[in-house]
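All chains are named by letter (A, B, ...) in the order of the sequence lines, taking the proteins before the strands, and each is independently numbered beginning at 1. Computed from a prediction, not measured in an experiment: that's the story for all the values here.
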Amino acid sequence: MRVSKLEIIDFRNIHKFEKNFEPGGAIFFGKNGTGKTNLLEAISYCAFGKSIRSASDSELINFSKAFFRISAKFSFNHLENIITAANDDHKKLIKIDGTKISKISELYQYVKVVYFSPEDINLISGGPTNRRKFIDLAISQSSYKYLEDLRLYHRILKQRNALLKSDFSRNEKISWDTKFIEIGTRIIISRKKYLKEFIPGLSEKYFFVSGKRENLDVEYKHSFPTSEFEEFSNSFANHLERIESDEMRLQRTLAGPHLDDIIFKIDNNIARNFGSQGQKRSLVITARLVQADIIKRKDSEAPILIFDDVLADLDRGRAQRIMDLLGEEHQIFIATPNIELYEKFNLERIDLENLLNEK
Amino acid sequence: MFTGLLAELEKNLKKLPGIGSKSAQRLAMFLISNHQDDALKLADSIRDAVEQYTNCSVCNILTEYEICKFCSDAHRNEQLLCIVENTQDVFLIENTQEFNGKYYVLNNLLSPIDGIGPDEISFPQLISLVKEREIEEVVLALSPSAEGESTINFLAAELTEFVQKITRLSTGLPFGGDIEYTNKLTLGNALIRRYSV
C-alpha cells in the first residue's frame, strides 16, 4: 500500500501543498507549528474519512476559507485509486476515482493506514473507551460485517436504555434483549478472535522492545461472569436476568461489550496503574505495529505507517529497537522537529518550513 | 428570499418528504404563476383526501371508507394475516400479486426512544383480532432494522399462543438481480439462508 501523490488546499494551516512521494515514504521536519502533523492528518483523512485527532470537519478548514480539499493517489494490490476528500459548505464529500461514496467505511477497503499518534498513550493511561475504540477500529478496518454489527448494537443499546426508563411488558423486554444478546455476543466473539492473533504478536514484540526484560500479558475483561462450560450468549443472557432489577433501578444497561475492557499487564502489574511513561509509550507503539502486522497478513500487503513524533520520549534503546522492527515493506511517514532521531531511515526529507513558506 | 404568503407556502411545502428549500421555492412559484387552476384543484384534492381518509376500523389501513376494501373483500383468505408497518407497505405487497390474505397496519415500530411501546403499535386491537378470527398464519412483513427486528420478536412471542404458524419475510438476493451488483451484507445473508434445490 502506497500513497504516491498528495495535493492539499486550505486544510488546517496548509494553504497549498502538492508533492509526489517515494515508495519508502518521507520525513516531514521543521519547527513546531509548521504543519507537520497536519500533513499526516491529511493522508490519514483519506483512510478514515475523518480527522484522526477527532476534530470536526469545520475545524479542519483553513482559517477564513470556505472549504478544504485533499486529493491523494493510492496504490493497493497494484491498483491505483484517487481519493478526494472535501468539505464545502458543511458538507463532507468523499470520492473514490470520481465516484461519491455513501458510507465512510467504504474507504477501509481502499486505504489501509496505521497511525501512531501521541494521543495513543490514552490507550493505556485512559479509560476503557479508548481500548474499545482501538480494537473496534482495528477489526472494522478489515471486516464490514463487524462494523455493521457495531452500528446495530449501538442502536439497540440506545433503544434498550430508553426501554429501561419506561414502563415495559415482559415480552417487550425479551424482544429487545434477544437481538441485544445475539449481536452483543457476536461482537465479543469477533474481539476475542482478533485478540487471539493480536496478543501473541504483541507479547513477543514488546519483550524485544523492552530489551528482553519485561513480560506482557493481555486479558479481555467481560462485563459479565463467564465460564468455559457455558456459551457466551447463555452467560450473557443469564447475567442480564440476574441484574434486571438493578438495571431498572438505574435505568440503563449494565452489561455488554460496550462495557468490556482490555487489560494490559507488564510483569503482572496493570500497565495503566503501574507502567512508566516510557513503558506505556513503547507498549502502544508496539500495539500499533501488531495491528499493522495483522492487516498485512489479511491483505497480503503492508499498510502505510504514519508516525507523529511518537518516539521522542523513549530512551535510545527502546526507540532503536522499535525502529528495528519496522519492515522495509511499509511506506512510512514521520513528522518530527528532531531529524537526528531518525538518521538511520533512508527516507526523503521534506523541510516544511521552506516548502510551505515558499508559496 | 420570499416574504409574506409566499414564504408561508414555501415553509409548508418544505415539510413534505424529499422537498428542500430550492424545490419548495420552485414549486411555490410554479403554483402561483401560470397554473392557478391546477393549483386550486390540487388544493381541493389535498383537502378532500385529507378529510375523507381515515384509518380502517379493522386493520388501520388509510382508506376513504369505514372499512377498507381489503377487509371487506370476501374472496380474501381471512385466516392469513400480513402485518406491515404502514399503508404504503400494503400496496407494495399487493403489487407482488403473491398475497391473498388480509392486512394489519401497525403504523409504527417498537421504539422506546420515541416512546413507542405495544399500545402505540395498535397491539391490543391486533391481539383481539387474531383471537376472534382464529387466524392460522401471521406473516410479519417488517423491515429488518433494529426496531423492525425487535417488533418481529415481540409479536412472535405474543402471538405464538394463538396462531399456529408465524412467518417473516426472507432476506437475500433480489430476483433477476446479478450477484455482482448485490451488496455484501445482502449476499452474506443469502448465503447464510441458502436452501437445497
Atom [atom1] of residue position [X] - does it have more than 12 heavy atoms of other residues, nucleotides or ligands inside 6.0 Å?
X: B:K165; atom1: NZ; answer: no
X: B:N183; atom1: CG; answer: yes
X: B:E161; atom1: CD; answer: no
X: B:E64; atom1: CD; answer: yes
X: B:Q88; atom1: CD; answer: no
X: A:E231; atom1: CD; answer: no
X: B:Y65; atom1: OH; answer: no

Tell me, for A:L163 versus chain B, whether the close heavy atoms (under 4.5 Å) come from the side chain, the backbone, both or neither.
-> both
Which atoms of A:E172 come close to chain B, meaning under 4.5 Å heavy atom to heavy atom: side chain ones, backbone ones, both, or neither?
->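 Interface part for A:E172: both.
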Quick one: are A:Q159 and B:S111 in side-chain contact, heavy atoms under 4.5 Å?
-> yes
Return the [atom1] to [atom2] distance between [X] and [Y], rounded to the nearest 0.5 Å.
X: B:I113; Y: A:K158; atom1: CD1; atom2: NZ; answer: 5.0 Å
X: B:F154; Y: A:T178; atom1: CZ; atom2: OG1; answer: 12.0 Å
X: B:E149; Y: A:I183; atom1: CD; atom2: CD1; answer: 8.0 Å
X: A:S169; Y: B:E158; atom1: OG; atom2: CD; answer: 5.5 Å

Which residue out of B:S145, B:A156, B:P118 racks up the most heavy-atom pairs below 4.5 Å with chain A?
->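 Option with the greatest count: B:P118.
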Among B:A157, B:A146, B:S150, B:G117, which has the most heavy-atom pairs under 4.5 Å with chain A?
-> B:S150
Can you check side chain to side chain contact (heavy atoms under 4.5 Å, CB included) on A:W176 and B:L110, steps first, answer last?
-> CA-CA 9 Å; A:W176 285 104; B:L110 289 179; 4.1 Å; yes
